[in-house]
Amino acid sequence: MLRIDKLLANMGYGTRKEVKKLLKAGVVKVDGMTVKDAKTHVDPKEQVVTVWGEEVEYKPFIYLMMNKPQGVISATEDAVEETVVDLLEEEDRIFDPFPVGRLDKDTEGLLLLTNDGQLAHQLLSPKKHVPKTYEAMIDGEVTEDDVEAFRRGVMLDDGYETKPAELVIIRSGLRSDVRVTITEGKFHQIKRMFQAVGKRVIYLKRIQMGPIPLDETLEPGEYRELTDEEIALLKGEDKK
């Protein structure tokens, strides 16, 4: 059950204030009955809601792209830390979205949030090998030997051998700039992979997940809904 004002705001009928004006104008009906109270609860799956006689098409799922800032944790709630869900507007939080996978607290960049559990499972399933690409700044000189080690897979501190990863050197020096693509998501994986070759990650940003690159117009902490085309790409549909 959703409040009628939240439902209409979520479905694009204006701000909460604008929706209240629609309600007061008597143009909103539920199962043919005029509703003016913004607090009225409706079940959009069972009841027919109309505005100006047009049926409201309810969408059960929400798909968001966020440029996660540093210092925020990838969780739905936390008693102490600020979470990525805390950064969402209320009209988006009402859908109960959750982060697809996680980025470390000090890592920034592309994070997808949705309430579509099936899609989230598809993107996170180890069997799917969904690639994730990061930009990183490394304390130490990254070499072609490191590129080859990543290509083969490296042994982490707990004895796990990673799947092959692509390491591209953008600039090598006392501090190196690199791009890394992995197809799995072990805890602190990229940091631990560089640890395995004697180097330390000092900055990490995810720039792509599967076929979806980070929208570079999003400032850290900002987000937007995915386009229909982006959703189709994530689901592996050929949308033309």
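Here, residue 1 is the first one in the sequence, and each next residue gets the next number. Just so you know, these numbers use all the heavy atoms, side chains as well, and skip hydrogens, waters and symmetry mates.
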N-O pairing of Lys205 and Glu216 below 4.0 Å
yes
Evaluate the side-chain proximity of Ser172 to Glu141: yes if any heavy-atom separation is below 4.5 Å, no if none is.
yes
Before accepting this row, confirm whether a basic side-chain N of the pair Asp5/Arg3 lies closer than 4.0 Å to the acidic partner's carboxylate O.
yes
Give a yes or no on whether His188 atom NE2 has more than 12 heavy-atom contacts from other residues, nucleotides or ligands under 6.0 Å away.
yes
Approximate separation, where rounding is to 0.5 Å, of Leu64 CG and Leu111 CG
10.0 Å
Step-by-step side chain to side chain contact (heavy atoms under 4.5 Å, CB included) determination, Met137 to Val201:
CA-CA 6 Å; Met137 183 183 292; Val201 174; over 6 Å; no
Arg200: what forms a side-chain contact (heavy atoms from CB on, under 4.5 Å) with it, not counting sequence neighbours?
Asp139, Ile202
Using modelled atom types and a 3.5 Å cut-off, is there a donor and acceptor pairing between side-chain atoms of Gln122 and backbone atoms of Leu119?
no
Show your working on side chain to side chain contact (heavy atoms under 4.5 Å, CB included) between Ile212 and Met209 and close with a plain yes or no.
CA-CA 5 Å; Ile212 306 299; Met209 185 170 184; 5.6 Å; no
Judged by atom type as modelled, is there a donor-acceptor pair below 3.5 Å linking the side chain of Lys68 to the main-chain atoms of Thr107?
yes
If only atom types and distance count, is the side chain of Glu166 paired as donor or acceptor with the main-chain N or O of Ile182 below 3.5 Å?
no
If you round to the nearest 0.5 Å, how far is OG1 of Thr83 from CG of Asp86?
3.5 Å
Step by step, work out the side chain to side chain contact (heavy atoms under 4.5 Å, CB included) result for Leu204 and Ile190.
CA-CA 9 Å; Leu204 191 60; Ile190 289 180; 4.0 Å; yes
Does some side-chain heavy atom of Tyr63 sit less than 4.5 Å from a side-chain heavy atom of Lys235?
yes
Got a donor-acceptor contact below 3.5 angstrom from the Glu222 side chain to the Glu219 backbone?
yes
Heavy-atom closest pair, residues Leu88 and Pro97:
CD1-CG, 3.5 Å
Where does the angle between the aromatic ring planes of Phe150 and Phe194 fall among parallel (under 30°), tilted (30 to 60°) and perpendicular (over 60°)?
tilted
Could you check whether any side-chain N or O of Ser74 sits under 3.5 Å from a backbone N or O of Leu103, counting only pairs where one atom can act as donor and the other as acceptor?
yes
From CD1 (Ile170) to CD (Glu135), nearest 0.5 Å:
6.0 Å
Does Ala25 have any side-chain contact (heavy atoms from CB on, under 4.5 Å) partners at least two apart in sequence or in another chain, and if so, which?
Val27
Could you tell me whether Glu148 atom CD has more than 12 heavy atoms of other residues or ligands within 6.0 Å of it?
yes
Electrostatic pair Asp146-Arg151, nearest N-O below 4.0 angstrom:
no
Determine, step by step, whether Glu230 and Arg224 satisfy the salt bridge (Lys or Arg N to Asp or Glu O under 4.0 Å) criterion, reporting the C-alpha distance in whole Å, the side-chain angles of both residues, the deciding distance to 0.1 Å, and the verdict.
CA-CA 12 Å; Glu230 287 170 333; Arg224 66 165 173 81; 2.9 Å; yes
For a quick test of reading the model, state the closest non-hydrogen atom pair linking Gln47 to His41 and the distance between them.
OE1-O, 4.5 Å
Determine whether Met33 and Val48 fall in the same hydrophobic cluster, where Ile, Leu, Val, Met, Phe, Trp and Tyr are linked whenever their side-chain heavy atoms lie under 4.5 Å apart.
no
Partners meeting side-chain contact (heavy atoms from CB on, under 4.5 Å) with Lys29 (sequence neighbours left out):
Thr34, Thr50
If every non-hydrogen atom of Asn115 is compared with every non-hydrogen atom of Ile62, which pair is closest and at what distance?
OD1-N, 2.9 Å
Mind listing the closest non-hydrogen atom pair of Phe98 and Ala120 along with its distance?
CE1-CB, 3.7 Å
pair Glu144-Ile169: side-chain heavy atoms closer than 4.5 Å:
yes
Looking at Tyr160, does the NZ or CZ of Lys186 lie under 6.0 angstrom from its six-membered ring centre and within 45 degrees of the ring axis?
yes
Taking CZ in Arg179 as the centre, count heavy atoms belonging to other residues, nucleotides or ligands within less than 6.0 Å. Is the count above 12?
no
Between the main-chain N or O of Ser176 and the side-chain N or O of Arg171, is there a donor-acceptor pair closer than 3.5 Å?
no
Test log, rule salt bridge (Lys or Arg N to Asp or Glu O under 4.0 Å), inputs Glu90 and Lys6
CA-CA 9 Å; Glu90 173 149 1; Lys6 290 183 180 180; 3.5 Å; yes
Roughly how far, to the nearest 0.5 Å, is the CG atom of Leu234 from the CG atom of Leu112?
6.0 Å
Is there a side chain to side chain contact (heavy atoms under 4.5 Å, CB included) between Val84 and Leu113 once you walk through the steps?
CA-CA 9 Å; Val84 290; Leu113 296 99; 3.8 Å; yes
From Asp104 CG over to Lys191 NZ, what is the distance, rounded to the nearest 0.5 angstrom?
4.0 Å
Report yes if some heavy atom in the side chain of Leu87 is under 4.5 Å from a heavy atom in the side chain of Met66; otherwise report no.
yes
Does Thr162 reach the main-chain N or O of Val154 with its side chain, forming a donor-acceptor pair under 3.5 Å?
yes
Out of curiosity, Asp116 CG to Ile231 CD1, how far, rounded to the nearest 0.5 Å?
9.0 Å
For residues Glu55 and Tyr13, report the shortest heavy-atom separation together with the two atoms involved.
O-OH, 4.4 Å
Ring centers of Tyr134, Tyr203 separated by less than 6.0 Å:
no
Who pairs with Gln208 by side-chain contact (heavy atoms from CB on, under 4.5 Å), at least two apart in sequence or on another chain?
Thr133, Pro213
Are any side-chain N or O atoms of Asp106 and backbone N or O atoms of Gly71, one a donor and one an acceptor, separated by less than 3.5 Å?
no
Applying side chain to side chain donor-acceptor pair (under 3.5 Å) to Lys59 and not counting sequence neighbours gives Glu225
Counting only heavy atoms not in Arg16 (residues, nucleotides, ligands), do more than 12 fall under 6.0 Å from its CZ?
yes
In Asp92, Asn67, Asp215, the residue satisfying side chain to side chain donor-acceptor pair (under 3.5 Å) with Tyr223 is Asp92
Could I get the full list of salt bridge (charged side-chain N to carboxylate O under 4.0 Å, His left out) partners for Glu54, not counting sequence neighbours?
none
More than 12 non-hydrogen atoms from neighbouring residues, nucleotides or ligands closer than 6.0 Å to CD on Glu161, yes or no?
yes
From Glu82, Gln70, Glu81, residue fulfilling side chain to side chain donor-acceptor pair (under 3.5 Å) relative to Lys105
Glu81
Which heavy-atom pair separates Pro69 from Gly221 by the least distance, and what is that distance?
CD-N, 3.6 Å
One pair to check against salt bridge (Lys or Arg N to Asp or Glu O under 4.0 Å): Glu89 and Arg93. What are the steps and the verdict?
CA-CA 6 Å; Glu89 298 290 336; Arg93 281 203 302 267; over 6 Å; no
Kindly indicate whether the side chain of Glu77, heavy atoms from C-beta on, has any atom under 4.5 Å from the side chain of Val85.
no
